[in-house]
There are 2 protein chains.
Amino acid sequence: MSVEAKSKSHSIRAVDALRALIFAGELPPGSDHLESELAEKLGMSRTPVREATLVLESQGLLEVRPRKGVRISALSADDMREIYEVLTELESLAASLAAEAHYSEQDLSRLKSATLEMEASVEADDREGWASADAAFHDELVRLGGNRRIQTIVSNFNDQVRRARAMTLHMRPMPRKSNEDHRALYEAIARGDAKAAREIHWRHRTEAKDMLINLLNQHGLRRV
Amino acid sequence: MSVEAKSKSHSIRAVDALRALIFAGELPPGSDHLESELAEKLGMSRTPVREATLVLESQGLLEVRPRKGVRISALSADDMREIYEVLTELESLAASLAAEAHYSEQDLSRLKSATLEMEASVEADDREGWASADAAFHDELVRLGGNRRIQTIVSNFNDQVRRARAMTLHMRPMPRKSNEDHRALYEAIARGDAKAAREIHWRHRTEAKDMLINLLNQHGLRRV
DNA sequence: CAATTATTTAACGTATACATTAAAATATTC
DNA sequence: GAATATTTTAATGTATACGTTAAATAATTG
């Protein structure tokens, strides 16, 4: 069995490639792009590109504007608030569900290791490392919640705020308080305290939302 | 200015037509359909049908299964639980946001009239009328919340459980308790009590979820 | 010259031909 | 005759030609 990349359809590769270009900032928020341009850039015909744009539109990463090209989504502070409201609510539900599931310590090992990694990263002043562990923690939290609809929505919304998070990562103070929250959340889930898990995470996310929006406003980032 | 229907693209009409066929049960849950069949049925080529199926897949109404046709989504009791968990959480958040907005009585008039219509329908033993007013109430509640992301998600999920609700409408007891909940929620929003609004609606939806799932199980409806 | 109308352009929307490939059917081998 | 290999089939995936139409440009008119 070889390790070659499985040859996916052009359509799927277009989705992946466009996502990557958007996240890398090569298709910047607010910019417009004709189907034919994108098709040429990706080395395929318009057909799979059109299909990809429909998928990405449904994920909120771009907007199809007939005869004006697709516009890469640019989020205002208000959009950010909306998205974080939903993320806060659904992740808090996931935290509550995870606590109710009464997982064993072993089941929670990945959550635990993510908290340890975050703490180590803060010690080492490694923001990228912290961000990566933080993402792993949140992913695992939602996975433990066990509701696949929540997983899908949260994943979409995280993609949408990805650039904003990356931009503010180096503007914010080192996330020491954040680590305490994660540890407290871990404990609440481990002891099966659904109410506490929900409340701890709700406050955590609400604070993260306020900080992100304040940072964007302070730095005059109207749309990202 | 004429009142003729604006001539939409085939692609958009395919989305509308397929949605209608799914809701009408002409494309029953679990059934498979080739692109070419659907294209013929809708009197257009495969191209716009393919685009429509991508959109509907992103809305959870069907699943594209290469070489096996598109499969109309069939929900298990567990799927229903997942969807209702999300609906409960997001509508409750919307209720809380609506209360925080401190709307005037005038702003809340549609919410009020929907409650009155529900009460009248229950008096008149008119389940369809009640269901229609109930839907209007929930739509308006979410609209008043003011978060468009919530509106989109809730609308999608309501579409997904539409058939199940229609099926159980005549199995359930007349929704008298439900009307009390709606009235209490209206009062909480009107007096700006966000916490109460959230809790009242959360309990309301949770009870609705439990009833729906019990009804589906009692009647042996494995997948709808 | 401003406003309107006509024309042109270019991008999208659609149909269609064809390439690709998973699945089914058939043939082959032991 | 079961297991495997081959061929065939059929549905999808893709490219492309072309029709349609919104937007831009040019022409006209008062």
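Just so we're on the same page: letters track the sequence lines, and every chain starts at 1.
- A straight line from NE2 of A/H33 to P of C/dC12 spans 12 Å, rounded to a whole angstrom.
- In this entry the distance linking CG of B/L34 with P of D/dT9 reads 18 Å, nearest Å.
- At whole-Å resolution of the value, CG in B/L54 and P in D/dT12 are 12 Å apart.
- By the 4.0 Å N-to-carboxylate-O rule, B/D32 lies too far from B/K68 to be salt-bridged with it.
- By the 4.0 Å N-to-carboxylate-O rule, A/E63 lies too far from A/R71 to be salt-bridged with it.
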Ignoring hydrogens and angles, write down the donor-acceptor pairs under 3.5 Å from the side chains of residues 213-224 of chain A, residues two or more places apart or on other chains.
| unit_1 | atom_1 | unit_2 | atom_2 | d |
| --- | --- | --- | --- | --- |
| A/N214 | ND2 | A/D210 | O | 3.2 |
| A/N217 | ND2 | A/I213 | O | 3.4 |
| A/R223 | NH2 | A/A74 | O | 2.9 |

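- Under the 3.5 Å distance criterion, with hydrogens and angles disregarded, a donor-acceptor pair is assigned to the side chains of A/H33 and A/S31.
- One interatomic measurement links the two molecules: CZ of A/R65 to C1' of D/dA23, which rounds to 13 Å at whole-angstrom precision.
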- Query: Given the rule in the side chain to side chain donor-acceptor pair (under 3.5 Å) test, do A/R205 and A/H138 qualify, once you have shown the distances and angles that lead to the verdict?
  - Reply: CA-CA 11 Å; A/R205 266 301 197 199; A/H138 284 256; 3.3 Å; yes
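- One atom, CD of A/E37, and another, P of C/dA11, lie 8 Å apart when rounded to the nearest Å.
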Produce the list of close N/O pairs, under 3.5 Å, pairing protein atoms with atoms of nucleotides 13-15 of chain C; give distances to one decimal.
| unit_1 | atom_1 | unit_2 | atom_2 | d |
| --- | --- | --- | --- | --- |
| C/dG13 | OP2 | A/R50 | NH1 | 2.5 |
| C/dG13 | OP2 | A/R50 | NH2 | 3.1 |
| C/dG13 | N7 | A/R46 | NH2 | 2.8 |
| C/dG13 | O6 | A/R46 | NH1 | 3.1 |
| C/dT14 | OP1 | B/H10 | N | 2.2 |
| C/dT14 | OP2 | B/S11 | N | 3.3 |
| C/dA15 | OP2 | B/S45 | N | 2.7 |
| C/dA15 | OP2 | B/S45 | OG | 2.5 |
| C/dA15 | O5' | B/S45 | OG | 3.4 |
| C/dA15 | N7 | B/T47 | OG1 | 2.7 |

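- Side-chain contact annotation: A/R165 with A/N158, donor-acceptor N/O pair under 3.5 Å present.
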